[in-house]
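These numbers come from a predicted model, not from an experiment. Below, chain A is the first sequence line, B the second, and so on; all start at residue 1.
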Amino acid sequence: MAILVLAEHDNASLKLDTAKVVTAAKAIGTEIHVLVAGHECAAVAAAAQQLDGVTRVLVADAAAYQAHLAENLAKLILELAPGYEHILASASSVGKDTLPRVAALLDVAQISEVLQVLSGDTFVRPIYAGNAMAKVQSLDDKKVLTVRASAFDATANGGNAGLETIDKVIEARTQFVSQSLTVSERPELGNAGIIVSGGRGMGSGENFAMLEALADSLGAAVGASRAAVDAGFVPNDLQVGQTGKIVAPDLYIAVGISGAIQHLAGMKDSKVIVAINKDPEAPIFQIADYGLTADLFEAIPELIAAIKA
Amino acid sequence: MKVLVPIKRVVDANVKVRVKADNSNVDTANLKMALNPFCEIAVEEAVRLKEAGSASEIVVVSIGSKAVQEQLRTAMALGADRAIHIETDEELTPLSIAKLLKAVQEKEQAQLVIFGKQSIDGDNNQTGQMFAALTDMPQATFASEVKLEGDSLLVTREVDGGLQTLKLPLPAVVTTDLRLNEPRYASLPNIMKAKRKPLDVMAVADLGVILKQHVKLLDVTPPAQRTAGVMLASVAELVEKLRNEAKVI
């Protein structure tokens, strides 16, 4: 039976997460449908049609779906559920908000943050902040999964899936009031090839300007540890860790981050890890490929100069 | 307004768990246990609502072995008025927990139910949303600010890319994120007082909920270990390694 993937988007463009979840879906089966629920989201649907492996794109375009509210989005997916054995979404804030509601309405379990698909019913997922990997088998007739996008490569473009319109409009009692999204020229944390991350050692929000300069010299995204976010240096959406963003870039540069297990949970699958910290005993050095014991206020300007040289 | 706060006993956040030698699960024997940090934030938020005059009663509920009464007492020391312990020695999945909590809610009729967004053991991040679905309540997950406005709740949520504010009619479900508040420490007099607060114990069977197994745990293994690399002497050496050895810049 077919697989339904919930598209991750902002009504204007499709997020790369969806291409990664489609890769996870391809490991399960071949009949893959993508649901684009939103408002005035035709461009998103067009992008989803091009994903390799996708056989159909379902579009539910209505004002009620504009803000991707779990309450009615879950009911919409429930309407479609009889045609599917697997329902997947990225383990994003929308996916994590919505899919448990879908699973409960279907009276099935949800498997969270799937890292690996072993078969149609058996998956690997992290527990205890990634300190253990659980291999779990679903005993339900339908499998509802959130997928950790950073664990899968994006499927290529080149597909040509058919489009189907879903007319069903379900209203929510929840009202969207406002949102404030961080606008940045830099790549998104989840998709960046290089991430430069700062911790409590940065000392202040102003000092993050230095990290931003380093990030810009590398075309990198900027991240932060929970300590830096809690201290008010940077906004919450930069947080990397067990409860923040989980990332796996080619290069992760941790600056002034001691390396609490909750932070490591969010970045230890990065291909190359660099740690710069003035404390030689900092736990971050135990997982770093390259460590530098240095005062970051001297090392970072020097690093920027060396990269530009 | 009555507030219901479901809480969980977990391995303390500062303890690093190890996988059992037979790979059947993680070894939690003799580890320090604590109230799940997100649940602690949920209790604190309920207490603040009560202190602000918005909440009239705070009921905490936990499902598990007799040991969870320790965390229920902790929650009462922080300011909850009474506790419900649903006793079971089985490890239940979030869906089963949500079903039991629904049965509790049918009796309690709370106007607001505050959950921690996830427990730091299973890292599932499901129970609040599942409970909201089963009780057909609106939800605001990952809350960083909660304000009561008449009969509705204004909740700011931490979402990918920033913050989002939603307005929910009551009754509603909220799940807490890290920055919603900083939980207080329980004072000694309050810890003593908590010992005399009411704690009802009931069995799963008393709630008339039929549970089934949805997921089978096949094995648990340690993650791939990263080994410490090399310590470098200078920035110049670092750039050289990144360019020529790792080839990532």
query = Looking at side-chain heavy atoms only, is the closest gap between S144(B) and L163(B) below 4.5 Å?
reply = yes

message = Quick test of your reading of the model: are R184(B) and E44(B) salt-bridged, counting only N-O distances below 4.0 Å?
response = yes

message = With a 4.5 angstrom heavy-atom cut-off, is it the side chain or the backbone of V11(B) that approaches chain A, or both, or neither?
response = side chain

inquiry  = Before you tell me yes or no, could you show the steps for Q71(B) and N36(B) under side-chain hydrogen bond (donor to acceptor under 3.5 Å, both in side chains), namely the whole-Å CA-CA distance, both residues' side-chain angles and the distance that decides it to 0.1 Å?
reply    = CA-CA 9 Å; Q71(B) 278 62 45; N36(B) 179 46; over 6 Å; no

query = Are I194(A) and P249(A) close enough that some pair of their side-chain heavy atoms sits under 4.5 Å apart?
reply = no

request  = Under 4.5 Å heavy-atom distance to chain A, tell me which part of P223(B) shows up: side chain, backbone, both or neither.
outcome  = both

request  = Considering only NZ, NE, NH1 and NH2 on the basic side and carboxylate oxygens on the acidic side, decide whether E113(A) and R125(A) come within less than 4.0 Å.
outcome  = no

key: Salt bridge R173(A)-D136(B), side-chain N to carboxylate O under 4.0 Å   = yes

Chain A contact via A13(B) - side chain, backbone, both or neither, heavy atoms under 4.5 Å = both

request  = Examine whether an atom of L95(B) lies under 4.5 Å from a heavy atom of chain A, and if so say whether it belongs to the side chain, the backbone or both; otherwise answer neither.
outcome  = side chain

message = Could you tell me if the side chain of D160(B) sits less than 4.5 Å from the side chain of D237(A), heavy atoms only?
response = no

message = Counting C-beta onward and ignoring hydrogens, is there a side-chain heavy-atom pair between D12(B) and L31(B) closer than 4.5 Å?
response = no

request  = Would you mind checking if D295(A) and K278(A) are paired as a salt bridge, meaning a charged N to carboxylate O distance below 4.0 Å?
outcome  = no

request  = Name the region of A299(A), side chain, backbone, both or neither, that has any atom closer than 4.5 Å to a heavy atom of chain B.
outcome  = both

task = Sort out for me which of T122(A), V108(A), D250(A), I111(A) touches chain B most, counting heavy-atom pairs under 4.5 Å.
result = V108(A)

inquiry  = If we define contacts as heavy-atom pairs under 4.5 Å, which of S180(A), P235(A), A132(A) has the most with chain B?
reply    = S180(A)

ask   = Where does Q179(A) contact chain B at under 4.5 Å (heavy atoms): side chain, backbone, both or neither?
value = both

note = Turns out that what part of V102(A) lies under 4.5 Å from chain B's heavy atoms comes down to neither

request  = Pick whichever of S93(A), S112(A), A129(A) has the most heavy-atom pairs under 4.5 Å with chain B.
outcome  = S93(A)

query = Heavy-atom distance under 4.5 Å to chain A: side chain of I120(B), backbone, both or neither?
reply = both

note = Closest non-hydrogen atoms of I97(B) and I63(B), given as atom of the first, atom of the second and distance, are CG2-CD1, 3.8 Å

query = L181(A) versus chain B, heavy atoms under 4.5 Å apart: side chain, backbone, both or neither?
reply = both

inquiry  = For D279(A) and N277(A), which I'm curious about, is there any donor-acceptor pair between the side chains at under 3.5 Å?
reply    = no

inquiry  = Checking E71(A) against T174(A): is there a side-chain donor and acceptor pair closer than 3.5 Å?
reply    = yes

query = What part of A132(B) gets closer than 4.5 Å to chain A, counting heavy atoms only: side chain, backbone, both or neither?
reply = both

Under 3.5 Å: donor-acceptor pair, side chain of D140(A), backbone of A109(A) = yes

message = So for T28(B), is it side chain, backbone, both, or neither that comes closer than 4.5 Å to the heavy atoms of chain A?
response = side chain

task = Please flag which part of A288(A) lies under 4.5 Å from any non-hydrogen atom of chain B: side chain, backbone, both or neither.
result = backbone

remark   = Bottom line for V215(B): the part with an atom under 4.5 Å from chain A's heavy atoms is both

query = Can you say whether Q262(A) sits under 4.5 Å from chain B via the side chain, the backbone, both, or neither, judging by heavy atoms?
reply = side chain

key: Check: L238(B) and I276(A) side chains under 4.5 Å, non-hydrogen atoms   = yes

ask   = What closest approach, in Å, do A98(B) and F131(B) show between heavy atoms, and which atom pair accounts for it?
value = CB-N, 3.7 Å

Atom group of E298(A) that falls short of 4.5 Å from chain B, counting heavy atoms = neither

note = chain A shares the most heavy-atom pairs under 4.5 Å, among M231(B), K99(B), K16(B), with M231(B)

query = Tell me, side chain or backbone of D107(A) under 4.5 Å from chain B's heavy atoms, or both, or neither?
reply = both

task = Counting only heavy atoms closer than 4.5 Å, note whether L238(A) contacts chain B via side chain, backbone, both or neither.
result = neither

remark   = Whatever's closer than 4.5 Å to a heavy atom in chain B on K271(A) counts as backbone

task = Using a cut-off of under 4.5 Å on heavy-atom pairs, state which of V159(B), L232(B), D121(B) scores highest against chain A.
result = D121(B)

query = Quick one: of L292(A), T182(A), L251(A), who has the most non-hydrogen atom pairs under 4.5 Å with chain B?
reply = L292(A)

ask   = Among E245(B), E237(B), R18(B), which residue forms the greatest number of heavy-atom pairs with chain A at distances under 4.5 Å?
value = E245(B)

query = Of all of A305(A), A275(A), A91(A), A134(A), which one pairs up most often with chain B through heavy atoms under 4.5 Å apart?
reply = A134(A)

task = May I ask you to name which of Q118(B), M137(B), K212(B) has the most heavy-atom pairs under 4.5 Å with chain A?
result = M137(B)

message = For chain B, which candidate among V177(A), I287(A), I300(A), V229(A) shows the most heavy-atom pairs at distances under 4.5 Å?
response = V177(A)

inquiry  = So V124(A) and L118(A), do their side chains get closer than 4.5 Å, heavy atoms only?
reply    = yes

query = Under the criterion side-chain hydrogen bond (donor to acceptor under 3.5 Å, both in side chains), which of E158(B), K117(B), R157(B) is the partner of T141(B)?
reply = R157(B)

task = Below 4.5 Å from any heavy atom of chain B, which atoms of L303(A) appear? Answer side chain, backbone, both or neither.
result = both

message = Under 4.5 Å from any heavy atom of chain A, what part of S234(B) do you find: side chain, backbone, both or neither?
response = backbone

message = Does any backbone or side-chain atom of T293(A) lie under 4.5 Å from a heavy atom of chain B? Answer side chain, backbone, both or neither.
response = both

query = Say you draw a straight line from CZ of R148(A) to CD1 of I246(A); how long is it, rounded to the nearest 0.5 Å?
reply = 4.0 Å

task = Would you mind telling me which of R243(B), Q213(B), R179(B) has the largest number of heavy-atom pairs within less than 4.5 Å of chain A?
result = R179(B)

message = Tell me which of these, L153(B), V230(B), N14(B), has more heavy-atom pairs under 4.5 Å with chain A than the rest.
response = V230(B)

ask   = Quick one: what part of A309(A) sits under 4.5 Å from any heavy atom of chain B, side chain, backbone, both or neither?
value = backbone

query = Does the side chain of D123(B) reach to within under 4.5 Å of the side chain of P126(A), using non-hydrogen atoms?
reply = no

query = With a 4.5 Å limit on heavy-atom distance, are the side chains of R101(A) and L78(A) in contact?
reply = no

key: F38(B) portion near chain A, given a 4.5 angstrom heavy-atom threshold   = side chain

